[in-house]
Structures are given as structure tokens and as C-alpha cells.
Amino acid sequence: MSVARLNNTITLALSVRDRHASAKWYEENLGFQVLYHMDDAGWSEMTTNTEGVTLGLGEQAEPNPGNTVPVFGVDDIGVARNALEGVGVKFDGETITIEGMVSTATFYDPDGNALMLAQDLS
């Protein structure tokens with residue numbers, strides 16, 4: 001039995017210089033489709049060809065290639081975070097909420113790889 005209960009969704013978050021140009025590249029070359037661009041947050045999401053898997057594009061002035069963050073969907077971020085913290089999992093700051101959209105919390109595996117929990121609030 002796992003400590004945190006994940007649902008059947010995952011977003012692979014990539015840092016990119018230009019979300020719109022990157023989205024066009026993924027659309028033309030891999031057949032992904034834009035779900036939305038949230039310009040105020042510097043974030044875009046795309047469908048992939050794999051059910052339950054989306055690609056998130058986070059705009060950064062100087063992206064760090066290879067810095068992909070798997071974002072695991074949860075039904076209740078508070079419960080999942082508390083369970084993981086209860087067994088010593090390290091989190092990076094507080095849970096961030098964009099009202100009506102999503103709550104996220106970044107945490108780390110034992111080797112320092114960043115992972116994230118996300119609760120869909122839409």
C-alpha cells in the first residue's frame with residue numbers, strides 16, 4: 001500500500017523559453033494538441049498520445065534542459081502531502097493554489113529529483 005494515493009493522471013512539466021513556439025513544435029512533430037495557454041502564469045498544457053498523460057510547458061528565461069518534473073494527480077492534495085510528510089518526504093515550500101484551477105506541491109525523492117503533486121480544482 002502506498003503512502004500517498006495518486007490518481008490516473010500525470011503531467012510531465014518542461015522548462016522552455018517560449019511556450020507558444022514549443023507548443024507548435026510538439027504539435028507539428030509529435031501530434032500533441034494544445035489544451036490551453038495560461039499567459040498570466042507562464043504555463044501551457046498539451047495532450048499527448050498517451051491517455052492520462054499531459055505535457056506542461058513552463059516558460060523560463062533560462063531553461064535548464066533535462067529538468068523534467070513529473071506532476072502526479074491526486075484527489076486531495078492536503079491528505080497526500082500530509083501522508084508523505086508523515087514519513088519524512090521533503091517538500092519545497094508551501095502548497096500553491098491558483099483558485100479555480102489547481103493546487104500544487106513540489107517534493108523530492110531521496111536523490112533530490114523534483115516531483116510534484118497536483119489537485120485539479122476546475
Task: Donor + acceptor pair across side chains of D92, Y108 (<3.5 Å) - done: yes

Task: NZ-OG distance between K24 and S22, expressed to the nearest 0.5 angstrom - done: 12.0 Å

Open item on the list: How long is the straight-line distance from CG of D120 back to OG1 of T9, given to the nearest 0.5 Å?
Closed with: 8.0 Å

Task: Separation between CG of L117 and OG1 of T104, rounded to the nearest 0.5 Å - done: 9.0 Å

Open item on the list: Using a 3.5 Å distance criterion without hydrogens, assess whether the side chain of T97 forms a donor-acceptor pair with backbone atoms of E99.
Closed with: no

Task: Sub-4.5 Å side-chain heavy-atom contact between V16 and P63 - done: no

TODO: Take atom CG of D109 as the centre, draw a 6.0 Å sphere, and report whether it contains more than 12 heavy atoms from other residues, nucleotides or ligands.
DONE: yes

Task: Side-chain donor/acceptor of T54 to backbone N/O of E45, under 3.5 Å - done: no

Pairs of donor and acceptor atoms involving the side chains of residues 69-88, under 3.5 Å and at least two apart or interchain, shall be tabulated with distances.
residue : atom : partner : partner atom : Å
D75     : OD1  : N7      : ND2          : 3.4
D76     : OD1  : G78     : N            : 3.0
D76     : OD1  : V79     : N            : 3.1
R81     : NE   : E85     : OE2          : 3.1
R81     : NH1  : G93     : O            : 3.2
R81     : NH1  : T95     : OG1          : 3.1
R81     : NH2  : E85     : OE2          : 3.2
R81     : NH2  : G93     : O            : 2.7
N82     : ND2  : G78     : O            : 3.2

Open item on the list: Treating D39 as the side-chain partner and S44 as the backbone partner, does any N or O pair qualify as donor plus acceptor under 3.5 Å?
Closed with: no

TODO: Starting at OG1 of T106, measure out to CD of E94 and round the result to the nearest 0.5 Å.
DONE: 12.0 Å

Open item on the list: Can you confirm whether I96 is buried at CD1, in the sense that more than 12 heavy atoms of other residues, nucleotides or ligands lie under 6.0 Å from that atom?
Closed with: no

Open item on the list: Can a donor-acceptor pair be found, under 3.5 Å and without considering hydrogens, that links the side chain of S2 to the backbone of A4?
Closed with: yes

Open item on the list: For the backbone of Q33 and the side chain of T47, can you confirm whether one donor and one acceptor N or O come within less than 3.5 Å of each other?
Closed with: yes

Open item on the list: To the nearest 0.5 Å, what is the distance between CG on L14 and OG1 on T68?
Closed with: 4.5 Å

Open item on the list: Can you give me the closest heavy-atom contact between L121 and S103, atom names plus distance?
Closed with: CD1-OG, 3.5 Å

Task: Parallel, tilted or perpendicular: rings of F32 and Y26 (30°, 60°) - done: parallel

Open item on the list: Assigning hydrophobic clusters by single linkage (Ile, Leu, Val, Met, Phe, Trp, Tyr; side-chain heavy-atom cutoff under 4.5 Å), is L12 placed with M116?
Closed with: no

Open item on the list: Which Ile, Leu, Val, Met, Phe, Trp or Tyr residues join I98 in one cluster when any pair of side-chain heavy atoms under 4.5 Å counts as a link?
Closed with: L35, Y36, M38, W43, M101, V102

Open item on the list: Can you tell me how far apart CZ (R17) and CD (E59) are? Round to the nearest 0.5 Å.
Closed with: 11.0 Å

